[in-house]
2 protein chains.
Amino acid sequence: MRQPKPVRGFARGLAALEALNRRGAATALELARDTGIPRPTIYRLLQTLLEEGYVARSPSDDRFKPRLKVRGLSDGFEDEQWISAVAAPAMQALTRRLHWPCDLMTLEGTHLVIRETTHRIAPYSIDRNMAGREIPLLESSAGLAYLAALPEDEARELIGLATAGLADGARAALAAGRAVAVARRRGHGLRQGGARWPHTGSVALPIRHQGRVLGGLSVIWMARVVGQEDGVARCLEPLTQTVREIEERLARGEG
Amino acid sequence: MRQPKPVRGFARGLAALEALNRRGAATALELARDTGIPRPTIYRLLQTLLEEGYVARSPSDDRFKPRLKVRGLSDGFEDEQWISAVAAPAMQALTRRLHWPCDLMTLEGTHLVIRETTHRIAPYSIDRNMAGREIPLLESSAGLAYLAALPEDEARELIGLATAGLADGARAALAAGRAVAVARRRGHGLRQGGARWPHTGSVALPIRHQGRVLGGLSVIWMARVVGQEDGVARCLEPLTQTVREIEERLARGEG
DNA sequence: GCGGAATGTCCACTGAGTGGACAGGGAGGG
DNA sequence: CCCTCCCTGTCCACTCAGTGGACATTCCGC
């Protein structure tokens, strides 16, 4: 029962395409650096993508860009129904109102994973956060909101798991416990700058259904433009309404 | 200035992944048949996708399915602003109202291309139409609506181009001209069954902006459940409203 | 229990893929 | 004007990654 050997060229190609998507547009050198793949190989991978119509080379600046056809690589993925049917429309309305993007995340292992985002329609797309990207629980507003919504013992266990691998896990767990306590008192997760994302700030709320915490919803702004208090003042109320709407629809069984 | 040689393994992997997305879930054999790639190779390609986390094997039926991570292969693609910001939300509202999916298409060469679809949120997803898929002008309701909205000479030229390759192009062009005339009189494109999609019916309207025809919007239903007259009676009015809303927003400069 | 079809694995062969090396070009600066 | 630095794109000889025909195994329906 040995497993077949994977195809390296394919794995590398996927890595390159993902790196390209992360940047939105890139040169061969940038992709080589991002992926660690030698530049001549990147050229051949890009040539493949060009010939198949997945990417195009911008005539103006010579950068490679994804084309519509890349959608065909992902459109077969069926998200959980509640996310696309209930949460996504509400999120779009929220972003159209606030002009800042928002991200919906659910727990996967010891990370949050972005399930849906409005960066596509947000006037200013900030940190190009893609669906599928992993977000650490302890450094994100959504993670804090999520943990704060959990029963205390479950939160403690999850913090333990999330800090298990770290060098000074015990200390990190203590700090995390305090941060979660703050979030619980406030009623929302909050972040302004920080090591992970120095340029943005964010508020987040948990999404609950039938006593379970399904995930977290966060609004993100640029820290240069919007201060922490400012962000909360502007975004928290609309965010609260959006989460309430989602939860009501879930309760009505629309998910 | 010779071009680099493409990477076959990558091209094949992409073909396999696309085939998998088209089916939603598939076995190795199905993918081998769809793509023409030998089965052992499909296994290795799938193994690659498994190891990288792009697909999972369903424990119940042993089929391969795309996972959330595939989104990372396409999320960097930025659609034209009016589609994601204006048309997509309106389309979602339409599908929530009618319960049938709708597709937005624009012209590319002598085909329409699906730019946005609501099959993801439609209660019954019919013909798994993906973004990026090519739709023939002359066999689709959206194509007829599009051609009918064009000035007569442009329509004729486009019909000529679209039928140029065909065996009996002249005859096909004549038939197409008549079908377009009917659509023009009716004010909408219409299809029920037909060789290409025997199981569905569809009504479509053109989307106009500043004197240009941007594309077509169609609602699709299952022919078994909804008859032609029935479909028009139920869907045409909401579709008209949706298109009007999109056009008004475009006129207000929201795109 | 017997054909028929699908699944999964093996392995010898080879050309597809690799990546170090280099040529060409543009920007900066001394 | 020359020299340096860095980036782009291409070349090509080597080799091992990828291939696919073949087979063993399982799961059907009859």
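Chain A is the first sequence line, chain B the second, and so forth, proteins listed ahead of strands; every chain is numbered from 1.
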*Please collect all salt bridge (Lys or Arg N to Asp or Glu O under 4.0 Å) contacts where either partner lies in residues 105-119 of chain A, sequence neighbours excluded, each pair once.*
D79(A)-R115(A), E80(A)-R115(A), E108(A)-R115(A), E108(A)-R67(B)

Donor-acceptor list for residues 136-143 of chain B side chains, cut-off 3.5 Å, not counting sequence neighbours:
{"from": "S140(B)", "atom 1": "OG", "to": "P136(B)", "atom 2": "O", "distance (Å)": "2.9"}
{"from": "S140(B)", "atom 1": "OG", "to": "G143(B)", "atom 2": "N", "distance (Å)": "3.0"}
{"from": "S141(B)", "atom 1": "OG", "to": "S202(B)", "atom 2": "OG", "distance (Å)": "2.5"}

*How long is the line joining NZ of K5(A) and C1' of dG17(C), in whole Å?*
13 Å

_Under 4.0 Å, heavy atom to any atom of DNA chain C: which of residues 39-48 of chain A qualify?_
P40(A), T41(A), R44(A)

*asked:* On the nucleotide dT7(C), are OP1 or OP2 found under 4.0 Å from the side-chain N or O atoms that R57(B) carries?
replied: no

*Exam field: side chain R191(B) to backbone T200(B), donor-acceptor pair closer than 3.5 Å*: yes

*asked:* Can you measure D62(B) atom CG to dT25(D) atom C1' for me and round it to whole angstrom units?
replied: 15 Å

*Rounded to the Å, how far apart are L50(B) CG and dG8(C) P?*
11 Å

*Neighbour count above 12 (heavy atom, 6.0 Å) for K69(A) NZ*: yes

*Using side-chain contact (heavy atoms from CB on, under 4.5 Å) as the criterion, list what pairs up with D61(A), not counting sequence neighbours.*
S58(A), R63(A)

*Residue whose nearest DNA chain D nucleotide is more 5′ - F64(A) or V7(A)*: F64(A)

*Please, which pairs that meet salt bridge (Lys or Arg N to Asp or Glu O under 4.0 Å) have at least one residue in residues 8-18 of chain B, sequence neighbours excluded?*
E18(B)-R22(B)

*Integer-rounded Å distance: dG17(C) C1' and F10(B) CZ*: 14 Å

*Bending between helix ends of the helix from dG1(C)-dC30(D) to dG30(C)-dC1(D) [5 pairs per end, 10° resolution]*: 40°

_Tell me the interatomic distance from D61(B), atom CG, to dA6(C), atom P, rounded to whole angstroms._
17 Å

*asked:* Using a 4.0 Å heavy-atom cut-off, does R63(B) contact any base of the nucleic acid, only the sugar-phosphate backbone, or nothing at all?
replied: nothing

*Got a sec, which residues hit side-chain contact (heavy atoms from CB on, under 4.5 Å) with D62(A), two or more places apart in sequence or on another chain?*
R57(A)

*Once you round it to whole Å, what is the distance between P of dG18(D) and CZ of R8(A)?*
6 Å

*asked:* With the threshold set at under 4.0 Å for non-hydrogen atoms, list the residues of residues 27-37 of chain A touching DNA chain D in residue-number order.
replied: T27(A), L29(A), R33(A)

*Of all residues at least two apart in sequence or in a different chain, which pass the side-chain hydrogen bond (donor to acceptor under 3.5 Å, both in side chains) check with T41(B)?*
R44(B)

*In chain order, what residues pass the side-chain contact (heavy atoms from CB on, under 4.5 Å) check against A172(B), with sequence neighbours excluded?*
T163(B), L166(B)

*Can you sort out the partners of E51(A) under side-chain hydrogen bond (donor to acceptor under 3.5 Å, both in side chains), two or more places apart, ordered by chain and number?*
Q47(A)

*State which residues pass side-chain contact (heavy atoms from CB on, under 4.5 Å) with A32(B); sequence neighbours excluded, sorted by chain then number.*
R39(B), I42(B)

